[in-house]
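First listed ligand is number 1; within each ligand, the first listed atom is number 1.
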Amino acid sequence: MKKQSVIQVAVFMGMLVLSGLCVAAAQETDAISHFVPVDKGLTPESLQRLYARGERAVWSGEELETIGIPIGGIAAGQLYLRGDGTLGVWQIFNKHVFSGYGRDNYRTYRPDSPLASGFAVAVESEGKKTVRLLNQDFGTVESTGEYPIGQVRYKADDFPIQVEMEAFSPFIPLNAKDSTLPATLFHLTLVNSSQATVKTSVLGWLENAVCFDSAKAIRANRRTRILHENGRTLIVHTAEETPPPEGVAAPRDTILLADFEGEDYGAWQPTGEAFGKGPARGTLPSQQRVSGFEGKGLVNTFLGGDRPHGTLTSPPFKINRQYLNFLIGGGNHVGQTCINLIVDEEIVRSAVGQDDEKLEWQYWSVVDFEGRQARIQIVDKASGGWGHINIDQIELSDTARSGFTGPVNELPDFGSMVLACLGKSNIVEQTTLLPWEYTPPAKGVEYHTEHDTIYPVSRARAAMVLAPAVELAPQSRHTFTFVLAWHFPNHPQGHKYATRFQNAAEIAHYVLDHHDRLAGDTRKWHRTFYEDSTLPRWLLFRLHSTVSNLATGTCQWWQSGRFWAWEGVGCCEGTCTHVWNYAHAPARLFPELERSAREMQDFGEGFDPERGLVGFRSNRAYAADGQCGTILKAYREHLCSADNSFLQRNWPRVKKALEFSISQDGNDDGLIENSQHNTYDINFEGPNTFVGSLYLAALRAGEEMAKEMGDADFAQRCRTIFESGSKLSVERLWDGEYFIQLVDLEKHPRYQYAKGCLSDQLFGQGWAHQLGLGYLYPEKNVKQALASVWKYNWAPDVGPHNEAHPPERWFALPGEAGLFTCTWPKSPYIKEGVRYREEIWTGIEYQVAGHMVWEDMLNEALAICRGVEDRYLPAKHNPFNEVECGDHYARAMASWGVYTALAGFEYHGPKGHLGFAPRITPEDFRAAFTAAEGWGSFAQTRTQDAQRDRINLRWGRLNLKTLALAVPADWKTGRIAIRVNDKEIPSKTLFRAGRVEIALNDALRLSEGDELAVEIRRRD
Ligand SMILES: [Ca+2]
Ligand SMILES: [Ca+2]
Ligand SMILES: [Ca+2]
């Protein structure tokens, strides 16, 4: 079979291409250089700490500094509740915020708060009026956030009121619609801790930040109204057009200097290789998607990657307008990836890109040179990361073009914001309760309570409302409810939320109209997951905290219904197949979102119907791990569906995609030997079990799906290839302790792991367990390989190994524990081995830990998770922001795989099958679970000869036909009774190998509140 050689460039973005000038040979040192101790130092005490149920964490003092709980809706932007209860980040304005490649992200800092908002408590007691802000200065402040709910408690000796703040955006698993609201609910419970009755209320304020980014570049007004509607008071912020100023000369016509729409550069002179013979037509091979240019052509020097250099010089022209406008993107290298304006052989203006492929408008004021001859020169003198430049649409104009042009209501940051409270906020009452003319401390912000006011966007103004006051007797309490809502519809792809709501006021009313259900279901999930569980509280916190990534700048839900994501906030686009290979949380919690990503991206826009290739960023580029993972995800999405319509619709393309992987295998022997681009941003050469196990798992998933779709031939084909691959992997890749990579290092000196121990070497096996596909390799090899990953790659202190081998990026510091991507414990260290080898990625750690749980390596699994928890203690980092290439990195959502493994969860929605095999404390286990249309709590208790299992459905509905439960292996037979709400249900049961399989005589449909109970009595 002809070898695929088209897409083998190990490039996923400009900056990651290492210098092409340095082609280093394989540099093996002659000695083993491995500093991970075999003894992990786990003591009985430290193990006990891992397993103890424990208490909810309470943070205070300096710990509050780093905390930022994502508190807006899923895919609705990024808003943080900071440790002291103030709001931060405020990335809700459709601006692309690039959070970094990871080099700078893993640092200790306080999230910023770029706009004025907040709450204060006003008190009138014995004729004295005081106001106290709800922030770190209140007195004693304690925070106890557990995603999705943040809580902050405030108390002070010198203040009669204690406050409990509860803040969250509705979060209801399986209800994507109500979990993606651009809104945050605040419940502020005031407790009178004094001996006297006091009159008290909560003051809330919000700055008008509509046109937040464009304000400096546009002429427009902001408008603020305070409305009384439906028994509520709303601050409504918007913006609007201003009439054009009078007496200003009309601008002259714009002169186009170049639009790069031709076949060649015309009169412009190229030199070097970077520019080629003519303008590019959009994105070049292996480049991230280029956007923002006009027409079809542009200058794009990523021709053959970042390495080439060159210049492109315009013919002379006369400067006869006030501004020179142009679109610019690409690298941010001053003097190296730039556009220059040359007058009299001197560079008088220069601009660079922003390390972003998207072109944005920039302008130079050229009034000083009016009437002079000039030339433009575009320069690429850079070869490293982001060593290229994108330019288009150069024009002379009397109007400066910034990123913000056109009507105000079409600007990306145009929209509306609302802060609402229950009851009628009364300005007269406000002036009687508040100290005279009270305003919160202002930093250049004016405060007002005007009912309708219009002012230029250049002014920073915040409006205040005071909830109707209450009289509180000593020890009594009252809860004030506020809702913050935003609506910024002008995202390039549109927001799903904007298809439901016209403005922020509608959203605020919706949240308050449905308050009891939205708040009730959110709290019910929180209670089911955190409170009603036997699992260690710290572990639940850690495994669920990553789910908050959904409510950050990482994720978007487009108007079309397509879920789309960066890898990390603003970093690396396109719901990357290989990064999302690890993320199990969204598929289990909001399967609708993942199904849309499969259907609209992987098997939609990103799918090559001719070849079956799944573009790994919705492009036409191949990633071997991502391709196989897409098959696994398709099967998972099918399992998480209520019926088989998803699989039926997508099966032809799923099959085609699997056939593409089989074509990479080439000879149907079950090993992929060719060049395999993958999540380490490099290509593996030769057979290995990282891609190989994903391939085998994909074949098994393909076999199962083919059977369900009645395609017996293809099922058999998958089976045959799988069996061959499984056998050959052990024969050729097993080194006695773990699986290695067969590679010719002479031929492929860089980026391979060869005889190294790769933490991800059994990635596909972990997946196979998640999907109930069984073992891909003999169980004993799997268990031993995983034990070797623990032995060789998990360091209780990364310091010694990282001192010898510093990582490309630090995601764990000396003194902290972590799992290395790869080490070479038994062969010479490969200096130019697999990329990121010395880094610590939480996504890999969870992937490995989850797999360890399935293999009953519980101590190891929990120790790895605890290592993450300890690295992300709030004294050091925001515990909700696990960093990799960017903030809130998607891979971290692998944590959910640990959670499902702990329950031994198995589920097949269309078949109505549900099973549990608790891997931790099976004698007394309780945990939440999610199915296709409902979620609830599973509980199991076990004694010497009896076991009781309960499935309590708390939300939605659940179809059941078969059940599987784990019992001790020596329970060969027994008596089983099944009841739903105390009504006996007839069934057939089968005991086999530590497992009871139950087939219900009639299919069941459980509804919210129903409980199914299974009693198993052992019979010898
Ligand atoms: Ca153009
Ligand atoms: Ca270059
Ligand atoms: Ca092969």
Margin query: Whether E659 and K656 form a salt bridge (side-chain N of Lys/Arg under 4.0 Å from carboxylate O of Asp/Glu) is what I want to check.
Written below: no
Of R307, H388, H309, Q336, the one forming a side chain to side chain donor-acceptor pair (under 3.5 Å) with S383 is H309
Centroid-to-centroid, W767 to H769, below 6.0 Å? no
Open item on the list: Are the side chains of E673 and N667 in contact, using a 4.5 Å heavy-atom criterion?
Closed with: yes
To the Ca ion (ligand 2), the closest N, O or S atom belonging to D306 is O
Rounded to 10°, the O/L671 to the Ca ion (ligand 3) to O/D665 angle comes out at 100°
Quiz item: Is there an N/O/S atom in A274 that lies less than 3.0 Å from the Ca ion (ligand 2)?
Solution: no
Exercise for the section: May I ask you to check if any N/O/S atom from G305 comes under 3.0 Å of the Ca ion (ligand 2)? Expected result: no
- Given the side-chain rings of Y753 and F684, with only the six-membered ring counted for Trp, is the space between their centroids under 6.0 Å? yes
Rounded to 10°, the O/E294 to the Ca ion (ligand 1) to O/G297 angle comes out at 90°
Of all N, O or S atoms in D669, the one closest to the Ca ion (ligand 3) is OD1
Atom name of the N, O or S atom of E261 nearest to the Ca ion (ligand 1) is OE2
ring-ring contact (aromatic ring centres under 6.0 Å, His included) with F260: of F293, F275, W268, F326, only one passes, and it is W268
* Asked: Within the stated cut-off of 3.0 Å, is an N/O/S atom of G666 closer than that to the Ca ion (ligand 3)?
  -> no
Would you check if the Ca ion (ligand 2) lies under 3.0 Å from any N, O or S atom of G387?
yes
For Y680 and D760, test the side chains for any donor-to-acceptor distance below 3.5 angstrom and give the result as yes or no. yes
- Message: Is there a side-chain contact between L745 and V743 in this structure, where contact means two heavy atoms from C-beta onward sitting under 4.5 Å apart?
- Response: yes
Row for the Ca ion (ligand 2): angle O (A382) to OD2 (D380), 10° precision, value 120°
Quick check: does E673 have an N/O/S atom under 3.0 Å of the Ca ion (ligand 3)? yes
The OD2(D392)-the Ca ion (ligand 1)-O(D259) angle, to 10°, is 120°
